[in-house]
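Below you'll find the structure, written out as structure tokens, and then a few comments.
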Amino acid sequence: MKPVLSWGRINDKYCNVVRADYFADPNLLTIAESSDNGMLLAHGMGRSYGDSGLNKGGVIFQTTRQNHILDFDTQTGIIKARAGITLEEILRVSVPQGWFLPVTPGTKYVTLGGAVANDVHGKNHHKVGSLGAHIMRLSLTRSDRKTVICSPRTQKKLFNMTIGGLGLTGFINWVEFKLKPIESSYLETENIPYTSLDEFFSLSEESAKWPYTVAWIDCFAPKSKQGRGIFTRAKFSNYGALDIHRDDHIATWPFVTPALFLNRFSITAFNFLYRWRPGARMKGRSHYDSFFYPLDGINHWNRLYGKAGFFQHQSLIPLERSKEGIGDLLDIIKESKQGSFLAVLKLHGPEYSPGTMSFCRPGKGVSLALDFANKGQKTRQLLERLDACVLKHNGRTYPAKDGRMSAQTFQTAFPQWTKLEAMRDPKFSSSFWRRVSQTTS
Ligand SMILES: Cc1cc2nc3c(=O)[nH]c(=O)nc-3n(C[C@H](O)[C@H](O)[C@H](O)COP(=O)(O)OP(=O)(O)OC[C@H]3O[C@@H](n4cnc5c(N)ncnc54)[C@H](O)[C@@H]3O)c2cc1C
């Protein structure tokens with residue numbers, strides 16, 4: 001057993017890390033059976049912030065050697081790849097052929113299997129929904145060694161439960177999905193500073209035809225300018241080369257930042273500099289790498305938050321409650337004096353995800369993603385207040401970003417969790433699942 005850190009560096013669990021070329025490797029289940037809890041969990045790039053990718057006392061099965069493209073039709077853009085491949089590896093092959101990911105999260109260093117298990121969403125959710133909406137078929141092996149091919153037509157229940165199913169329905173071997181055609185690797189972008197939540201909503205409405213939209217917000221703005229920030233909209237350009245991203249990092253965060261440097265003043269200064277940085281209010285062109293994956297440029301950026309690590313809190317509030325709900329969340333953050341460097345507001349669209357457990361399933365809404373340096377009890381209390389506020393507005397907190405929400409919070413927001421428990425592979429479990437599936441009454 002060795003300690004495995006989650007991306008937020010908070011959840012440190014002793015797991016037995018096993019690498020094998022195939023899930024069907026007969027040793028794997030034997031190793032899992034002899035571990036402390038007898039349970040198994042697939043582990044991709046470990047980019048989930050909390051404990052949904054960890055399995056304390058059990059086996060985590062590292063998938064990244066299983067990174068082959070099995071089929072790629074460059075005429076139709078349909079690609080079939082093994083689940084351990086990263087989005088970065090797919091882009092290397094697909095971009096020069098004029099194809100991009102239909103949906104991408106804010107980092108390319110995630111595996112396809114991890115992206116399916118959390119049914120990831122991106123800056124185009126308002127137009128095309130989450131990744132699950134683009135998956136045509138997937139292959140799943142359960143611990144009884146039976147392999148099932150699932151699709152929206154065959155084995156539909158298992159298909160829907162596996163998309164956003166937190167890796168608990170079995171091992172995803174491969175995934176087939178359709179890429180998006182592009183003529184260039186570059187996007188035309190517009191950055192528009194705005195001064196209130198009302199303006200965010202009108203900009204979102206006005207930009208409904210833009211394929212990609214997102215806003216960075218200043219969570220310490222005065223009440224009269226609550227929600228102010230920079231609204232970005234973008235579309236792929238019709239001209240420019242089909243060149244891929246560079247694989248080196250601009251920099252590596254060299255050390256774990258002392259907590260002393262992370263306070264209200266440094267965050268206010270950062271917000272000021274970000275708001276007034278050159279290019280913050282311009283039309284321009286960006287390569288897909290700097291547009292979609294700005295944080296990937298800095299290796300180990302998660303060390304920025306110091307030894308104690310950080311929490312991410314991402315919530316989704318239904319549209320009809322979103323203005324009031326986001327306002328309430330920002331009030332709570334300001335009152336706590338614990339701000340977030342990265343505060344991202346995003347309109348979600350009506351496209352339903354097929355994923356029964358998908359974070360994005362309820363349709364139209366607004367999500368707010370925040371990072372908080374871990375300052376112990378006071379940060380946990382803040383996060384609990386945020387959870388309560390999200391539930392009050394009929395919203396939900398994203399499991400991929402969570403390492404501490406209570407079982408009650410999870411079960412209230414995801415009442416369908418019992419269906420996942422019923423279809424869960426009996427040999428698969430995670431630290432997250434054991435925490436949130438506890439009896440609450
Ligand atoms: C900088 C950054 C930006 C992000 N931006 C976004 C965003 O914009 N939108 C978004 O939705 N998410 C976002 N995320 C979250 C990230 O996309 C998800 O946590 C993703 O699931 C991580 O994939 P991974 O390969 O690292 O998987 P891991 O974190 O290792 O595992 C995640 C889950 O996938 C399961 N899993 C992995 N492989 C398999 C398999 N072969 N079979 C079955 N289950 C499997 C695991 O068991 C686990 O439950 C971001 C994360 C970071 C660090």
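Start at 1 and go down the list; that is how both ligands and their atoms are numbered.
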Do any nitrogen or oxygen atoms of [X] come within less than 3.5 Å of a nitrogen or oxygen of ligand 1?
{"X": "Gly106", "answer": "yes"}
{"X": "His121", "answer": "yes"}
{"X": "Met45", "answer": "yes"}
{"X": "Gly53", "answer": "no"}
{"X": "Thr63", "answer": "no"}

- Centres of the Phe100 and Tyr288 rings: under 6.0 Å?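 Between Phe100 and Tyr288, the centre distance is under 6.0 Å.
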Please list the nearest protein heavy atom to [atom] with its residue and the distance rounded to 0.1 Å.
{"atom": "atom 49 (O) of ligand 1", "value": "Leu166 O, 3.0 Å"}
{"atom": "atom 17 (O) of ligand 1", "value": "Val120 CG1, 3.5 Å"}
{"atom": "atom 31 (O) of ligand 1", "value": "Ser48 OG, 3.9 Å"}
{"atom": "atom 26 (O) of ligand 1", "value": "Arg47 N, 2.7 Å"}

- Would you call the rings of Phe410 and Phe432 parallel, tilted or perpendicular if under 30° counts as parallel and over 60° as perpendicular?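 Ring orientation, 0 to 90° scale: perpendicular.
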Proximal candidate to [atom] [heavy atom criterion; set [options]]:
{"atom": "atom 43 (C) of ligand 1", "options": "Gly165, Gly44, Gly170", "result": "Gly170"}
{"atom": "atom 36 (N) of ligand 1", "options": "Ala117, Cys360, Gly50", "result": "Ala117"}
{"atom": "atom 47 (O) of ligand 1", "options": "Gly167, Ser429, Gly84, Ala42", "result": "Ala42"}
{"atom": "atom 53 (C) of ligand 1", "options": "Trp7, Phe292, Tyr293, Phe61", "result": "Trp7"}
{"atom": "atom 27 (O) of ligand 1", "options": "Gly114, Gly164, Pro294", "result": "Gly114"}
{"atom": "atom 11 (O) of ligand 1", "options": "Trp433, Phe432, Tyr398", "result": "Tyr398"}
{"atom": "atom 16 (C) of ligand 1", "options": "Val110, Thr64, Thr86", "result": "Val110"}

Considering only NZ, NE, NH1 and NH2 on the basic side and carboxylate oxygens on the acidic side, decide whether [X] and [Y] come within less than 4.0 Å.
{"X": "Asp387", "Y": "Arg404", "result": "yes"}
{"X": "Arg246", "Y": "Asp289", "result": "no"}
{"X": "Arg137", "Y": "Glu176", "result": "yes"}
{"X": "Arg92", "Y": "Glu88", "result": "yes"}
{"X": "Arg233", "Y": "Glu188", "result": "no"}
{"X": "Glu421", "Y": "Arg424", "result": "yes"}

Where's the contact between [X] and ligand 1, heavy-atom distance under 4.0 Å: side chain, backbone, both or neither?
{"X": "Gln66", "answer": "neither"}
{"X": "Ile172", "answer": "both"}
{"X": "Ala83", "answer": "side chain"}
{"X": "Asn118", "answer": "side chain"}

I'd like to check which ligand 1 atoms, numbered from 1 as shown, lie under 4.0 Å from a non-hydrogen atom of [X].
{"X": "Tyr49", "answer": "1 (C), 2 (C), 51 (C), 52 (C), 53 (C)"}
{"X": "Ser52", "answer": "48 (C), 49 (O)"}
{"X": "Ala400", "answer": "19 (O)"}
{"X": "Pro105", "answer": "5 (N), 6 (C), 7 (C), 8 (O), 9 (N), 10 (C), 12 (N), 13 (C), 17 (O)"}

Quick one about [Y] and [X] (side-chain donor to acceptor, distance below 3.5 Å, no hydrogens or angles considered), yes or no?
{"X": "Ser431", "Y": "Asp51", "result": "no"}
{"X": "Asp402", "Y": "Tyr49", "result": "no"}
{"X": "Asp296", "Y": "Thr107", "result": "yes"}

- Task: Would you sort out whether Gln62 and Thr64 count as a side-chain hydrogen bond (donor to acceptor under 3.5 Å, both in side chains), showing the intermediate values?
- Result: CA-CA 6 Å; Gln62 181 55 252; Thr64 46; 3.1 Å; yes
- Query: Any non-hydrogen atom of Lys401 lying under 4.0 Å from ligand 1?
  - Reply: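 It does, in that a heavy atom of Lys401 comes within the 4.0 Å cut-off of ligand 1.
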- Message: If the contact criterion is a heavy-atom separation under 4.0 Å, does Gly46 count as touching ligand 1?
- Response: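 The answer is yes, since Gly46 has a heavy atom less than 4.0 Å from ligand 1.
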- Query: Is the cationic atom of Arg396 (NZ for Lys, CZ for Arg) positioned less than 6.0 Å from the six-membered ring centroid of Phe414 and within 45 degrees of its normal?
  - Reply: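 The answer is yes; both the distance and angle limits are met.
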- Message: I want to check a possible cation-pi pair here: Lys123 against Phe291, using under 6.0 Å from ring centre and within 45° of the ring axis as the test.
- Response: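 Here Lys123 passes the 6.0 Å and 45° test against Phe291.
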- Is the number of heavy atoms from other residues, nucleotides or ligands under 6.0 Å of Lys80 NZ greater than 12?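 More than 12 within 6.0 Å, yes.
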